[in-house]
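In each ligand, atom 1 is the first atom listed, and ligand 1 is the first ligand listed.
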Amino acid sequence: MTPDSLFPAALHWTILAASLIVSLVALACVIVLLRRRAPVPTFTASTPDAAPILREGEKNGRSPDEAFMQWSPDMLRQILASELPNTELIVVSNREPYVHEHGADGIELKVPASGLVSALEPITRTCAGTWIAHGGGSADRETSDRNDHVMVPPDAPAYTLRRVWLSEEEYKGYYLGFANEGLWPLCHIAFTRPQFRAADWECYQAVNRKFADAVVEEAKTKRPIVLVQDYHFALLPRLIRERLPDAIIITFWHIPWPNSEVFSVCPWREQILDGLLGSSILGFHIQLHCNNFVESVDRFLESRVDREGAAISYGGRTTLVHSYPISIEWPEERVRSETVAQARRRIFKRYDLSPDVKLAVGVERLDYTKGILDRFHALDEFFHQHSDWIGRLVFLQIAAPSRGTLPAYQALYQECLDLVAEINERYGSDGYQPIVLVPEHHDHEELADLFRAADVCVVSSLHDGMNLVAKEFVAARDDEAGVLVLSAFAGASRELLEALIVNPFDATGMGEVFFQALTMPVEEQTMRMRRLREVVRSNNVYRWAGSMLLDAARLRQREQFRDLGGSSAPWAVSRPVEENVIRLRA
Ligand code: GDG
């Protein structure tokens, strides 16, 4: 007989009910401290047919009150302590948050250019968890201990990074091959044909098994919360579930999910769906991607889909499929201690720009989904239509090198160089280059400076799960100026309705929106930017993580009730926790 069974069920119920009340009261106390902000007038987006009228969260039934809650690291800690006490948190991603590389001056520390890392790093720091990732840096081995651990961030250690070593063959097949030549183009529908090779699939399976081993080795309890990140690990949730059946596995898919017709071309579609359904919760940025996933499961697996409850029952277990729009950490005072004018002067000096030009910027990994060539074509149209702007606008494109050994990425780089040379030849003159392409990695400080120096920021992705650059630009503008031009095909366009929304496939149309952005009166810029900042500040990355953890807590509570013989409707769990919090606050 286990000690548990010595307790009468009634006592269990009483304890559970009491702990639920205590937790909710604790949360309510946190939220009572949160600020309520005055609403600001809303502009309609520039191309109304491409833009939603309500923000995605509002459509999902989140109340306006919830949108104004101020999510913070403290609140996240509070949720963990009160809702998920003594729970260990394990994050798994391919990319590590800190990379050690041999450089000219010894070992250098790098933070990779990755939306996933930007979002998850502050969360893992806050939760003091364990982060498992591929150790890909040339100095990673010598900076790790004999358990392959290193404490990070190096200057203020807050959590453990566990590095997993991959052979050259594994890296090529799993990462470059199946993940980036197969799943990445498959999910982005960016007209780059996905490549599916049986040998890559073998590696992908083997590496997923290797990471499952690492999770089991690192888990100190039988019921951790494991946060599985992204398309590199579609099989991992099932592999963890088989060995840690009581774990709460939250998988977040950072890129779009295509419709079932597109998904059907993947030769291993059933295995991928089966792997993901090992998750307790599967998250996407926007509802459309959830719908596409559910449709794919409905079509290819024997399962029961509960569309209203956003849940899939398969193989005796249930997976919740929900949207959690990712975001950024709202910047600290550092940004505010300096004026925008100072940042602008520094950037203009660094790039040798004439003080009277307007500056537009683009910042991303050099990736064919980001629509870099498309914005250059739009610039070409713009200069063609508005020749009085020749000499008065500079477009500064930061393109961090990415996946540079793959042919599609090499071809893109060459096309960018050729197109920039062509446009600069056409519109440039002595001392004036309309496009400045900087194909280099930059640090976060430099990027913040750039965002603050710019008159316009262009995000013209052909397809993007969310896009954090759009939110980073908005967050950097405490002067409430600057214009965001944003693709209708980036998940961020569902939230950032006051941006100028564009269709990146329409070069002429996008060129006209550039004109609109460059001639927008300051008052209108301020009205739009103020509203955008409200949205990003309220829907920050702590809310993203907090919503998932609250859903996980609710799941765990439901499981406990069910084990005690309560009614079992495991999927009807998600929103009520947040809604209860709101109700308590009211
Ligand atoms: C995936 C999804 C989703 C850029 N250049 C440098 C640099 N960056 C940083 C940016 C930003 C991040 O990288 C890029 O984030 P995105 O969201 O724009 O794009 P992906 O990397 O494709 O991210 C995307 C995201 O996951 C999160 O879920 O939004 O849809 O595709 O933070 O500032 N960072 C540094 N140097 C650079 O040169 N340090």
Note, F196 side chain near C266 side chain (heavy atom, < 4.5 Å): yes

SB check E480 R533 (cutoff 4.0 Å): no

Protein heavy-atom partner closest to atom 36 (N) of ligand 1 - residue, atom, separation in Å: H442 O, 2.4 Å

Region of N467 that comes within reach of ligand 1 [heavy atoms, distance under 4.0 Å]: both

F178-W201 aromatic ring centre distance below 6.0 Å: yes

Subset of ligand 1 atoms that lie under 4.0 Å from at least one heavy atom of A400: 5 (N), 38 (O)

Contact check, side chains of V458 and F514, non-hydrogen atoms, under 4.5 Å: yes

N or O pair under 3.5 Å between H188 and ligand 1: no

Minimum-distance protein heavy atom relative to atom 8 (N) of ligand 1: A113 CB, 3.7 Å

V469 neighbourhood, listing ligand 1 atoms whose heavy-atom distance to it stays under 4.0 Å: 10 (C), 18 (O)

Side chain Q525, main chain G482, donor-acceptor under 3.5 Å: yes

Taking atom 27 (C) of ligand 1 as the reference point, the nearest protein heavy atom with its distance: H254 ND1, 3.5 Å

G465, any N or O under 3.5 Å of ligand 1 N or O: yes

Parallel, tilted or perpendicular, as decided by the 30° and 60° cut-offs, for the rings of Y175 and H232: parallel

Polar atom proximity, L468 to ligand 1 (N or O, under 3.5 Å): yes

Within the 6.0 Å centroid threshold, strictly below: Y171 and H134: yes

contact_flag W184 ligand 1 heavy-atom lt 4.0 Å: yes

Distance-only donor-acceptor hits, side chain of residues 247-258, under 3.5 Å, sequence neighbours excluded:
unit_1: T251; atom_1: OG1; unit_2: S279; atom_2: OG; d: 2.7
unit_1: W253; atom_1: NE1; unit_2: P256; atom_2: O; d: 3.4
unit_1: H254; atom_1: NE2; unit_2: Q229; atom_2: OE1; d: 2.6
unit_1: W257; atom_1: NE1; unit_2: S296; atom_2: OG; d: 3.1

Atom 22 (O) of ligand 1: nearest protein contact (heavy atom, Å): R365 NH2, 2.8 Å

K358 backbone acceptor or donor facing D455 side chain under 3.5 Å: no

Shortest protein heavy-atom distance from atom 25 (C) of ligand 1, along with the residue and atom involved: G115 CA, 3.8 Å

Evaluation steps, side-chain contact (heavy atoms from CB on, under 4.5 Å), between F284 and N292: CA-CA 10 Å; F284 296 92; N292 285 347; over 6 Å; no

Shortest heavy-atom approach to atom 19 (O) of ligand 1 - which of K370, M466, R95, K471: K370

Per-residue contact class, W544 against ligand 1 - non-hydrogen pairs under 4.0 Å: neither

Nearest neighbour in protein (non-hydrogen) for atom 30 (O) of ligand 1: D464 OD1, 2.6 Å

Any H285 heavy atom less than 4.0 Å to ligand 1: yes

contact_flag S114 ligand 1 heavy-atom lt 4.0 Å: yes

Interfacing atoms of ligand 1 (cut-off 4.0 Å, heavy-atom, I326): 27 (C), 28 (O)

Contact check: E472 vs ligand 1, nitrogen or oxygen atoms, below 3.5 angstrom: yes

CG on L120 to CZ on R125, rounded to 0.5 Å: 11.5 Å

Region of V111 engaging ligand 1 - heavy atom pairs below 4.0 Å: backbone

Considering all heavy atoms, the nearest Y159-P153 contact: CE2-CD, 4.3 Å

